Amino acid sequence: MQDAITNVINQADVQGLYLDDSAMGRLEQYFTSGELRVRAAATISANGSAIIREAVAKSLLYSDVTRPGGNMYTTRRYAACIRDLDYYLRYATYAMLAGDTSILDERVLNGLKETYNSLGVPIGATVQSIQAMKETTAALVGPDAGREMAVYFDYICSGLGN
Ligand SMILES: CCC1=C(C)/C(=C/C2=NC(=C\c3[nH]c(/C=C4\NC(=O)[C@H](C)[C@H]4CC)c(C)c3CCC(=O)O)/C(CCC(=O)O)=C2C)NC1=O
């Protein structure tokens, strides 16, 4: 896993250079937004289950996926879906803290699309529920932190192939 700092330093190191102005600028941006990131992460972790509950109500309940024959139908599959949403929220929060997407590639997206396809988990409905979490989270943490989190929710959605 990388973060914004190791990312900038590794890029300079590959070229055997000190940090240039643009690298310094990226670091400065990361440091000045540090408190915002930490506060947002604290708010999200204190409200994780409410975020998920609201997103599920907005995007999945009363849709085809929760009806008989739907992929979320039966308690076991419903619970697996909620657990997946909890993974997405938690890892998006880690990535937001790190200011880097690499943790999502390594621990979430690696092989996920193939797993979903082989189990018939609908990717469109999953993306909708992640987008609903994005909105619910932004309403809770405010627009600036909401925009930061949006980067990582969207990254998960594009990794799923949308
Ligand atoms: C930390 C990284 C990580 C991720 C991301 C992860 C996802 C993940 N979700 C799975 C299943 C599942 N995922 C869902 C999710 C859904 N079904 C729907 O209709 C909804 C749209 C959606 C929720 C948004 C369901 C229902 C299953 C169970 C499918 C089945 O066994 O038939 C499985 C198959 C194994 C299992 O059931 O546990 C994996 C590996 N596992 C991991 O370790």
Side-chain angles (χ1 to χ4, degrees), residues 1-10 30 33-34 36-162:
M1 173 205 158
Q2 284 201 338
D3 55 43
I5 303 171
T6 51
N7 194 351
V8 165
I9 291 173
N10 285 339
Y30 181 63
S33 61
L36 178 88
R37 288 169 202 272
V38 172
R39 254 190 287 122
T43 306
I44 293 165
S45 60
N47 294 280
S49 44
I51 293 171
I52 292 168
R53 208 181 316 120
E54 202 179 315
V56 168
K58 267 201 231 168
S59 60
L60 298 172
L61 286 187
Y62 316 115
S63 75
D64 285 347
V65 287
T66 51
R67 293 199 189 101
N71 190 261
M72 261 179 103
Y73 187 70
T74 76
T75 312
R76 181 188 68 78
R77 287 204 297 261
Y78 191 97
C81 177
I82 300 293
R83 178 212 56 198
D84 286 6
L85 291 177
D86 191 51
Y87 286 148
Y88 300 140
L89 180 61
R90 184 159 57 85
Y91 280 100
T93 306
Y94 292 160
M96 180 275 298
L97 278 171
D100 193 275
T101 54
S102 64
I103 193 169
L104 299 176
D105 290 324
E106 289 163 19
R107 302 198 199 161
V108 179
L109 293 170
N110 187 5
L112 181 62
K113 194 173 165 184
E114 294 73 17
T115 304
Y116 270 17
N117 285 336
S118 72
L119 291 169
V121 176
I123 287 180
T126 303
V127 166
Q128 276 171 29
S129 59
I130 295 171
Q131 292 297 319
M133 283 205 295
K134 177 171 105 177
E135 287 163 23
T136 309
T137 303
L140 190 73
V141 298
D144 289 344
R147 261 190 301 278
E148 263 318 306
M149 281 298 289
V151 172
Y152 305 101
F153 284 129
D154 287 341
Y155 191 84
I156 295 172
C157 291
S158 29
L160 278 167
N162 270 263

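None of the values given here were measured: they were computed from a predicted structure. Numbers here simply count residues along the sequence, with the first being 1. Indexing begins at 1, ligand by ligand and atom by atom, following the structure's order.
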For ligand 1, which atoms, with element, lie under 4.0 Å from some heavy atom of [X]?
| X | answer |
| --- | --- |
| Val65 | 19 (O) |
| Arg76 | 30 (C), 31 (O), 32 (O) |
| Leu112 | 5 (C), 7 (C) |
| Tyr116 | 9 (N), 13 (N) |
| Pro122 | 18 (C), 19 (O) |
| Tyr91 | 1 (C) |
| Arg107 | 1 (C), 2 (C) |

So, do [X] and [Y] sit near enough that their side-chain heavy atoms are less than 4.5 Å apart?
| X | Y | result |
| --- | --- | --- |
| Asp144 | Arg147 | yes |
| Thr66 | Tyr62 | no |
| Met149 | Ile44 | yes |
| Thr93 | Thr137 | no |

Among all the protein's non-hydrogen atoms, which is closest to [atom], and how far away is it?
| atom | value |
| --- | --- |
| atom 7 (C) of ligand 1 | Asp84 OD1, 3.4 Å |
| atom 20 (C) of ligand 1 | Cys81 SG, 3.2 Å |
| atom 29 (C) of ligand 1 | Arg77 CD, 4.0 Å |
| atom 37 (O) of ligand 1 | Arg83 NH2, 3.9 Å |
| atom 34 (C) of ligand 1 | Leu119 CD1, 3.4 Å |
| atom 42 (C) of ligand 1 | Tyr87 CE1, 3.5 Å |
| atom 26 (C) of ligand 1 | Asn71 OD1, 3.0 Å |
| atom 28 (C) of ligand 1 | Ala80 CB, 3.7 Å |

Which distance, rounded to the nearest 0.5 Å, do you find between the CG of Leu60 and the CE of Met72? 5.0 Å
With rounding to the nearest 0.5 Å, note down the distance linking CG in Asp154 to OG1 in Thr101. 12.5 Å
Tyr88-ligand 1 polar pair, N/O distance under 3.5 Å: no
Applying a strict 4.0 Å limit to heavy atoms, is Tyr78 in contact with ligand 1? no
Classify the side-chain pair [X]/[Y] by whether it contains a donor and acceptor separated by less than 3.5 Å.
| X | Y | result |
| --- | --- | --- |
| Thr6 | Asp3 | yes |
| Asn7 | Tyr30 | no |
| Tyr94 | Arg90 | yes |

Ligand 1 versus Leu85: contacting region, heavy-atom distance under 4.0 Å: side chain
Is it the side chain (CB and beyond), the backbone, both or neither of Thr126 that lies under 4.0 Å from ligand 1, heavy atoms counted? both
Are any of the side-chain nitrogens in Arg83 or Asp86 under 4.0 Å away from the carboxylate oxygens of its partner? no
